[in-house]
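Here the structure comes first, spelled out in structure tokens, and everything after it is commentary.
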Number of protein chains: 2
Amino acid sequence: MFRQLAHLSGFSLERLASLCEVAEAGSIGQASRGDANRQSLLSRQIAELEAVFGVALLARQSRPFRLTPEGRELAQAARQFFQVADDLQRRAENAAQRVVIGAGETLIQWLLFPACEALQRQAGKVVFTFKNLDSSRLIEALQQGEIDVALIRREDVTPSLAHTEAWTYAQAAFVPKALCRSATVLKVEELAALPWAVLEGRGHFRQFLETKARERGIKLNAVLECSSYTQVAMAVQTGRYAGFLPEFAKNAAFAGNSAVMQRPLEKGLRYDRSLVLAWREASVRNRSFLEKVIEALRVRIGKWL
Amino acid sequence: MFRQLAHLSGFSLERLASLCEVAEAGSIGQASRGDANRQSLLSRQIAELEAVFGVALLARQSRPFRLTPEGRELAQAARQFFQVADDLQRRAENAAQRVVIGAGETLIQWLLFPACEALQRQAGKVVFTFKNLDSSRLIEALQQGEIDVALIRREDVTPSLAHTEAWTYAQAAFVPKALCRSATVLKVEELAALPWAVLEGRGHFRQFLETKARERGIKLNAVLECSSYTQVAMAVQTGRYAGFLPEFAKNAAFAGNSAVMQRPLEKGLRYDRSLVLAWREASVRNRSFLEKVIEALRVRIGKWL
DNA sequence: ATGATACATGACCCCACAGTCATGTTCCGC
DNA sequence: GCGGAACATGACTGTGGGGTCATGTATCAT
């Protein structure tokens with residue numbers, strides 16, 4: 001039935017793998033990352049696939065080129081196959097199964113990384129791959145099967161995705177004892193009084209803080225602008241800055257550091273967020289061990305949230 | 001991610017297509033159908049795949065060799081990919097999509113064939129392939145994705161399959177006017193009186209009839225043993241035999257033949273059967289046009305049942 | 001306009017692999 | 001235990017295609 005199809009000139013597993021790479025990277029250039037040979041190869045291989053199928057796989061209207069819907073469709077089908085094949089091979093050589101987990105950098109570092117570490121230690125037989133993507137790309141990647149499970153905000157999950165019950169966590173202030181000795185509830189006034197390390201740009205929480213300060217006629221005393229929560233945590237570690245971090249940061253970033261106090265926020269400053277583990281049903285159907293991994297992750301993360 | 005996997009020596013689309021063929025045919029021998037070259041090729045290609053995956057794909061305990069569970073798993077994954085690729089290619093060249101329909105020979109000839117004919121005439125753009133398999137093989141083939149939809153007995157569907165509401169039909173007696181001029185309800189006594197063309201072997205309905213006759217102290221007058229319902233219908237057409245056929249046979253086998261009467265059976269002889277269209281959810285998800293085809297088939301067949 | 005970025009193309013090598021043919025081996029049924 | 005069915009294997013060939021290099025050509029940002 002498929003003998004003829006498989007035998008078409010210009011159709012091969014390598015070309016399909018190339019298509020998958022371009023699909024994940026987003027463009028030929030991203031996928032070839034500086035290697036001119038690879039760029040050349042990818043360009044031609046995708047052109048050859050297009051000749052086979054008689055349909056454009058790359059949208060050539062604007063550069064860098066993105067995949068067309070047909071390109072994504074083919075890439076997804078190929079990836080599904082490769083994943084089954086990869087699983088089978090790993091199972092046969094009794095090696096670890098590969099699980100790809102997506103989330104923002106902060107969540108990876110402070111929740112997923114320790115959780116996966118713990119799982120590997122207790123169960124073994126799993127290799128985790130972390131993908132740090134923004135939330136819209138995470139959703140796409142989940143739907144395309146590029147990642148197996150993601151830890152994302154509750155409000156970001158689309159109806160087509162399965163997900164766990166939500167965990168809610170609050171932002172908390174982390175203040176070095178060198179700056180303030182009392183561990184009482186943080187008041188709005190301290191936004192102007194303490195030297196804050198904050199995230200650069202216009203994140204939701206940053207805007208929220210500035211609004212609260214303005215309402216009180218004061219100004220957020222942002223003396224250090226960081227580009228990630230990890231940097232904020234590092235700043236706090238120095239003892240010279242106070243910072244706002246998710247409350248679960250205390251487990252990961254300040255474990256055993258008694259020079260930093262975690263202080264709850266006063267009512268008006270509370271800022272809660274909800275997280276869920278989300279995945280595509282079809283991924284679990286094709287690779288049933290994912291179900292166990294997701295459940296184990298859920299339990300692990302639940303201990304910290 | 002999959003570049004390395006795709007590049008493994010011994011891994012290729014042709015080999016996977018070969019594996020699919022063997023999966024559908026059941027064994028290497030069946031798949032190569034007398035061609036010694038093909039036999040040689042299939043044997044080696046599967047061995048090469050086994051080397052790649054480090055797992056037995058053929059169960060070599062008894063001949064002819066069947067696929068192992070791992071072999072079926074790989075074949076199924078490959079077939080799913082090939083089907084998406086095939087669809088994409090056909091869509092691109094604006095050609096008909098391929099739909100594989102399975103059922104017993106009788107149902108194909110008297111229900112599916114005419115139904116598909118009608119669909120093709122009105123809608124076009126679909127190529128039907130009929131597979132005549134026994135019911136257990138039909139279920140397997142559905143689950144493996146080898147066939148897209150099957151018309152089977154209601155009681156044969158497994159929970160993993162989606163299916164339509166059941167249609168119920170009765171067996172009816174078809175009697176040439178040359179043998180009996182009255183079109184009244186058929187009585188048990190006539191089992192001994194009329195010259196019956198019946199299915200050979202020990203089919204459920206055949207056994208049922210013989211039991212009923214024995215209860216009445218008579219014997220089923222089986223003067224012609226046929227190996228298919230079609231042969232029974234042909235026998236009835238000659239005017240020299242009476243036969244039991246599904247009541248929908250009147251549309252297909254005896255259209256415009258006024259020399260044959262359809263006679264209902266007396267209460268004790270009634271023998272009803274239920275049919276459903278069954279398919280695998282995953283197939284519809286991967287190839288969404290199947291949904292439309294199945295619905296159209298359902299409507300068509302519903303007109304006759 | 002003008003680099004710079006991003007992709008295409010042509011020419012080349014070399015090897016892996018599909019396919020063929022002949023023959024060997026294993027296993028099943030009787 | 002024997003014949004045949006079912007699969008394996010070894011040897012060979014031609015070619016497609018992966019990979020590399022050098023260079024060409026669009027498109028984008030400024």
Side-chain angles (χ1 to χ4, degrees), chain A residues 1-53 56-68 71 78 82 85, chain B residues 1-53 56-68 71 78 82 85:
Chain A
M1 186 82 120
F2 300 124
R3 193 158 203 83
Q4 216 178 337
L5 181 67
H7 195 263
L8 284 176
S9 178
F11 197 30
S12 67
L13 288 174
E14 279 88 352
R15 281 177 256 237
L16 290 165
S18 294
L19 181 70
C20 289
E21 277 188 46
V22 173
E24 283 183 54
S27 70
I28 292 181
Q30 292 280 316
S32 44
R33 257 294 160 239
D35 184 335
N37 282 341
R38 250 163 101 65
Q39 177 270 314
S40 149
L41 190 54
L42 294 179
S43 170
R44 185 175 38 227
Q45 289 188 315
I46 292 186
E48 286 163 342
L49 284 178
E50 286 178 318
V52 169
F53 288 94
L57 301 176
L58 279 176
R60 293 178 161 76
Q61 287 78 40
S62 77
R63 298 193 179 200
F65 297 169
R66 310 272 152 198
L67 289 191
T68 60
F82 281 131
Chain B
M1 186 82 121
F2 299 124
R3 191 156 205 83
Q4 217 177 335
L5 181 67
H7 193 272
L8 285 175
S9 180
F11 197 29
S12 66
L13 288 174
E14 279 87 353
R15 281 178 255 238
L16 290 165
S18 293
L19 181 69
C20 289
E21 276 187 49
V22 173
E24 285 184 53
S27 72
I28 292 181
Q30 292 281 316
S32 45
R33 262 285 161 246
D35 184 335
N37 281 340
R38 243 160 106 69
Q39 176 270 314
S40 149
L41 190 55
L42 293 178
S43 168
R44 185 173 37 227
Q45 288 188 316
I46 292 185
E48 285 162 342
L49 283 178
E50 287 178 317
V52 169
F53 287 94
L57 301 175
L58 279 176
R60 293 179 161 75
Q61 287 79 37
S62 76
R63 299 192 180 202
F65 296 170
R66 311 274 155 198
L67 290 191
T68 61
F82 281 130

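Each chain gets a letter, A, B and so on, in the order its sequence line appears, and its residues count up from 1. Everything numeric in this text was worked out from a predicted model, so none of it was measured.
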message: Quick one: does any side-chain atom of B:Glu50 pair with a main-chain N or O of B:Leu57 as donor and acceptor, under 3.5 Å?
response: yes
- request: May I have the distance from A:Glu21 (atom CD) to D:dG18 (atom P), rounded to whole angstrom?
  value: 13 Å
task: Please figure out whether A:Gly10 or B:Leu42 has its closest DNA chain D nucleotide nearer the 5' end.
output: B:Leu42
- request: Over 60° means perpendicular and under 30° means parallel, so classify the ring planes of B:Phe11 and B:Phe53, tilted if in between.
  value: perpendicular
message: How close do A:Leu67 and A:Ala23 get, counting heavy atoms only, and between which atoms?
response: CD1-CB, 3.4 Å
statement: Per side-chain hydrogen bond (donor to acceptor under 3.5 Å, both in side chains), B:Glu21 is matched among B:Arg38, B:Gln30, B:Gln45 by B:Arg38
Spacing between A:Arg38 atom CZ and D:dG19 atom P, to the nearest angstrom: 9 Å
statement: Atom CZ of A:Phe65 and atom P of C:dC7 are separated, to the nearest Å, by 6 Å
query: In whole angstrom, what separates A:Gln45's CD from D:dG19's C1'?
result: 9 Å
field: Nearest-nucleotide 5' precedence on DNA chain C, B:Ser18 against B:Pro64
entry: B:Ser18
task: Let me know the distance between CD of B:Gln30 and P of D:dA6, rounded to the nearest Å.
output: 8 Å
query: Counting any heavy atom closer than 4.0 Å, what does B:Ile46 reach on the DNA or RNA strands: base, sugar-phosphate only, or nothing?
result: nothing
message: What's B:Leu41 touching, base or sugar-phosphate or nothing? Going by heavy atoms closer than 4.0 Å.
response: base
statement: Whole-Å distance, B:Leu57 CG to D:dC7 P, equals 15 Å
query: Would you say the side chain of B:Arg44 and the base of C:dT20 hold a donor-acceptor pair, judged only by whether the two atoms sit under 3.5 Å apart?
result: yes
task: Ignoring backbone atoms, test whether A:Arg60 places a side-chain nitrogen or oxygen under 4.0 Å from the OP1 or OP2 oxygen of C:dA8.
output: yes
message: I want to check one thing: is the phosphate of C:dC21, taken as OP1 and OP2, less than 4.0 Å away from some side-chain N or O of B:Asn37?
response: yes
task: Would you tell me if any nitrogen or oxygen in the side chain of A:Ser12 comes within less than 4.0 Å of OP1 or OP2 on D:dG18?
output: yes
query: How long is the line joining CD of B:Gln39 and P of C:dA22, in whole Å?
result: 14 Å
query: Got B:Leu58 and B:Thr68 here, is their nearest side-chain heavy-atom distance under 4.5 Å?
result: no
- request: Output yes when at least one side-chain N/O atom of A:Ser9 is less than 4.0 Å from OP1 or OP2 of D:dG17, else no.
  value: yes
task: Please confirm whether any donor atom in the side chain of B:Ser40 sits under 3.5 Å from an acceptor in the base of D:dT9, or the reverse.
output: yes
- prompt: Taking atom C1' of C:dG10 as reference, at what distance in whole Å does atom CD of A:Glu48 sit?
  reply: 13 Å
query: So does A:Ser43 get a side-chain nitrogen or oxygen closer than 4.0 Å to the phosphate oxygens (OP1/OP2) of C:dA8?
result: yes
- prompt: Looking only at side-chain N and O atoms, does B:His7 come under 4.0 Å of OP1 or OP2 in D:dG19?
  reply: yes
